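Only a predicted model underlies this, so the values are computations on that prediction, with no experimental measurement involved. Here, residue 1 is the first one in the sequence, and each next residue gets the next number. Atom set for the values below is all heavy atoms of this structure, side chains included, hydrogens, waters and symmetry mates excluded.
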Amino acid sequence: MEKVVVSYTESVQSFFDELIVQLFNKEYFSYEENAIHYVQKLAFYIENNIANLPPRKTPKSLSKYGDFYIFYKSNTRTTWYIFFSKKNFNYLIKHISNNHIFDASFINELNKNE
(Lines give C-alpha, C1' and ligand atoms only; values in the text may rest on other atoms or scores of the structure.)
Protein backbone atom coordinates (compact mmCIF):
# COMPACT_ATOMS: atom_id res chain seq x y z
CA MET A 1 0.00 0.00 0.00
CA GLU A 2 1.17 3.49 -0.84
CA LYS A 3 2.11 5.83 1.98
CA VAL A 4 -0.38 8.64 2.57
CA VAL A 5 1.24 12.08 2.71
CA VAL A 6 -0.75 14.93 4.23
CA SER A 7 0.55 18.49 3.83
CA TYR A 8 -0.92 21.82 4.90
CA THR A 9 -0.75 25.20 3.21
CA GLU A 10 0.85 27.99 5.20
CA SER A 11 -2.57 29.57 5.68
CA VAL A 12 -3.90 26.37 7.29
CA GLN A 13 -0.85 26.12 9.55
CA SER A 14 -1.47 29.74 10.61
CA PHE A 15 -5.14 28.95 11.10
CA PHE A 16 -4.26 26.17 13.56
CA ASP A 17 -2.03 28.56 15.55
CA GLU A 18 -4.69 31.27 15.58
CA LEU A 19 -7.39 28.78 16.52
CA ILE A 20 -5.51 27.76 19.65
CA VAL A 21 -5.24 31.39 20.74
CA GLN A 22 -8.90 32.13 19.96
CA LEU A 23 -10.22 29.06 21.75
CA PHE A 24 -8.29 29.98 24.86
CA ASN A 25 -8.93 33.76 24.73
CA LYS A 26 -12.66 33.31 24.15
CA GLU A 27 -12.68 30.90 27.10
CA TYR A 28 -13.88 27.85 25.20
CA PHE A 29 -11.10 26.14 27.17
CA SER A 30 -9.86 27.09 30.63
CA TYR A 31 -6.31 25.99 29.92
CA GLU A 32 -4.22 26.68 26.85
CA GLU A 33 -3.07 23.05 26.90
CA ASN A 34 -6.68 21.94 26.32
CA ALA A 35 -6.99 24.26 23.30
CA ILE A 36 -3.75 22.83 21.93
CA HIS A 37 -5.05 19.29 22.46
CA TYR A 38 -8.31 20.15 20.65
CA VAL A 39 -6.42 21.41 17.58
CA GLN A 40 -4.02 18.46 17.67
CA LYS A 41 -7.02 16.12 17.76
CA LEU A 42 -8.40 17.80 14.61
CA ALA A 43 -5.04 17.42 12.81
CA PHE A 44 -4.76 13.79 13.99
CA TYR A 45 -8.23 13.06 12.62
CA ILE A 46 -7.30 14.54 9.25
CA GLU A 47 -4.04 12.66 8.95
CA ASN A 48 -5.49 9.32 10.00
CA ASN A 49 -8.78 9.43 8.12
CA ILE A 50 -8.46 11.49 4.96
CA ALA A 51 -7.47 8.53 2.78
CA ASN A 52 -10.19 6.28 4.23
CA LEU A 53 -13.22 8.55 4.04
CA PRO A 54 -15.13 9.09 0.81
CA PRO A 55 -14.37 12.67 -0.22
CA ARG A 56 -17.20 14.93 -1.30
CA LYS A 57 -16.83 17.18 -4.31
CA THR A 58 -16.56 20.82 -3.27
CA PRO A 59 -19.41 22.98 -4.62
CA LYS A 60 -18.30 25.32 -7.41
CA SER A 61 -18.93 28.37 -5.25
CA LEU A 62 -16.32 27.11 -2.76
CA SER A 63 -13.88 25.51 -5.22
CA LYS A 64 -11.20 28.09 -4.39
CA TYR A 65 -10.74 26.11 -1.14
CA GLY A 66 -9.98 22.78 -2.80
CA ASP A 67 -11.43 20.11 -5.04
CA PHE A 68 -12.80 17.94 -2.25
CA TYR A 69 -13.83 18.08 1.38
CA ILE A 70 -14.44 15.79 4.31
CA PHE A 71 -15.97 16.65 7.63
CA TYR A 72 -15.25 15.95 11.26
CA LYS A 73 -17.85 16.32 13.99
CA SER A 74 -15.81 17.29 17.04
CA ASN A 75 -18.83 17.64 19.34
CA THR A 76 -22.60 18.08 19.17
CA ARG A 77 -22.28 21.74 18.21
CA THR A 78 -19.28 21.87 15.88
CA THR A 79 -18.58 20.20 12.57
CA TRP A 80 -15.26 20.92 10.86
CA TYR A 81 -14.93 20.96 7.08
CA ILE A 82 -11.54 20.11 5.66
CA PHE A 83 -10.98 21.20 2.05
CA PHE A 84 -8.17 19.67 0.04
CA SER A 85 -6.69 18.68 -3.27
CA LYS A 86 -5.23 15.26 -3.86
CA LYS A 87 -3.02 13.45 -6.28
CA ASN A 88 -2.67 9.72 -5.76
CA PHE A 89 -1.89 9.40 -2.02
CA ASN A 90 -0.74 13.01 -1.55
CA TYR A 91 -3.24 15.31 0.13
CA LEU A 92 -2.85 19.08 0.38
CA ILE A 93 -5.10 20.63 3.03
CA LYS A 94 -5.99 24.06 1.68
CA HIS A 95 -8.72 25.35 3.98
CA ILE A 96 -10.50 24.44 7.20
CA SER A 97 -13.81 25.88 8.32
CA ASN A 98 -16.66 24.95 10.60
CA ASN A 99 -20.42 25.22 10.77
CA HIS A 100 -20.18 28.48 12.75
CA ILE A 101 -18.64 30.24 9.75
CA PHE A 102 -20.76 31.32 6.77
CA ASP A 103 -19.02 29.37 4.01
CA ALA A 104 -19.42 26.06 5.83
CA SER A 105 -23.05 26.85 6.60
CA PHE A 106 -23.58 26.77 2.85
CA ILE A 107 -22.33 23.18 2.81
CA ASN A 108 -24.70 22.30 5.65
CA GLU A 109 -27.60 23.40 3.46
CA LEU A 110 -26.32 21.30 0.55
CA ASN A 111 -26.01 18.25 2.79
CA LYS A 112 -29.61 18.62 3.94
CA ASN A 113 -30.77 18.42 0.32
CA GLU A 114 -28.89 15.18 -0.47
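Partners of Asn90 under the side-chain contact (heavy atoms from CB on, under 4.5 Å) rule, at least two apart in sequence or in another chain, are Val5. The side-chain contact (heavy atoms from CB on, under 4.5 Å) check on Lys94 picks up Thr9, Ser85, Leu92, with sequence neighbours excluded. Listed by chain and residue number, nothing satisfies the side-chain contact (heavy atoms from CB on, under 4.5 Å) test with Lys87 (two or more places apart in sequence, or in another chain).
Closest heavy-atom contact between Val4 and Ala51: CG2-CB, 3.6 Å. Between Phe83 and Gly66, the shortest heavy-atom distance links the atoms CB-N, 4.4 Å.
A distance of 12.0 Å separates NE2 in His95 from OH in Tyr81, rounded to the nearest 0.5 Å. Remark: Ser11 OG to Ile96 CD1 distance equals 9.0 Å, nearest 0.5 Å. Going from atom CD1 of Ile50 over to atom CZ of Phe68 covers 10.5 Å, rounded to the nearest 0.5 Å.
Placement of Ile20 and Phe29 within a single hydrophobic cluster is found when ILVMFWY residues are connected by side-chain heavy-atom separations under 4.5 Å, directly or transitively.
In this structure the side chain of Ser97 never reaches within 4.5 angstrom of the side chain of Tyr65, judged on heavy atoms.
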Donor-acceptor list for residues 30-48 side chains, cut-off 3.5 Å, not counting sequence neighbours:
from: Tyr38; atom 1: OH; to: Ser74; atom 2: OG; distance (Å): 2.8
from: Tyr38; atom 1: OH; to: Trp80; atom 2: NE1; distance (Å): 2.9
from: Tyr45; atom 1: OH; to: Phe71; atom 2: O; distance (Å): 3.4
from: Glu47; atom 1: OE2; to: Tyr8; atom 2: OH; distance (Å): 2.8
from: Asn48; atom 1: ND2; to: Phe44; atom 2: O; distance (Å): 2.8

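Checking Asn49, Val12, Leu53, Ile70 one by one against Ile82, the side chain to side chain contact (heavy atoms under 4.5 Å, CB included) holds for a single residue, Ile70.
Using modelled atom types, one finds a donor on one side chain and an acceptor on the other under 3.5 Å when comparing Thr78 with His100.
Between the side chain of Asp67 and the backbone N or O of Lys86 there is no donor-acceptor pair closer than 3.5 Å.
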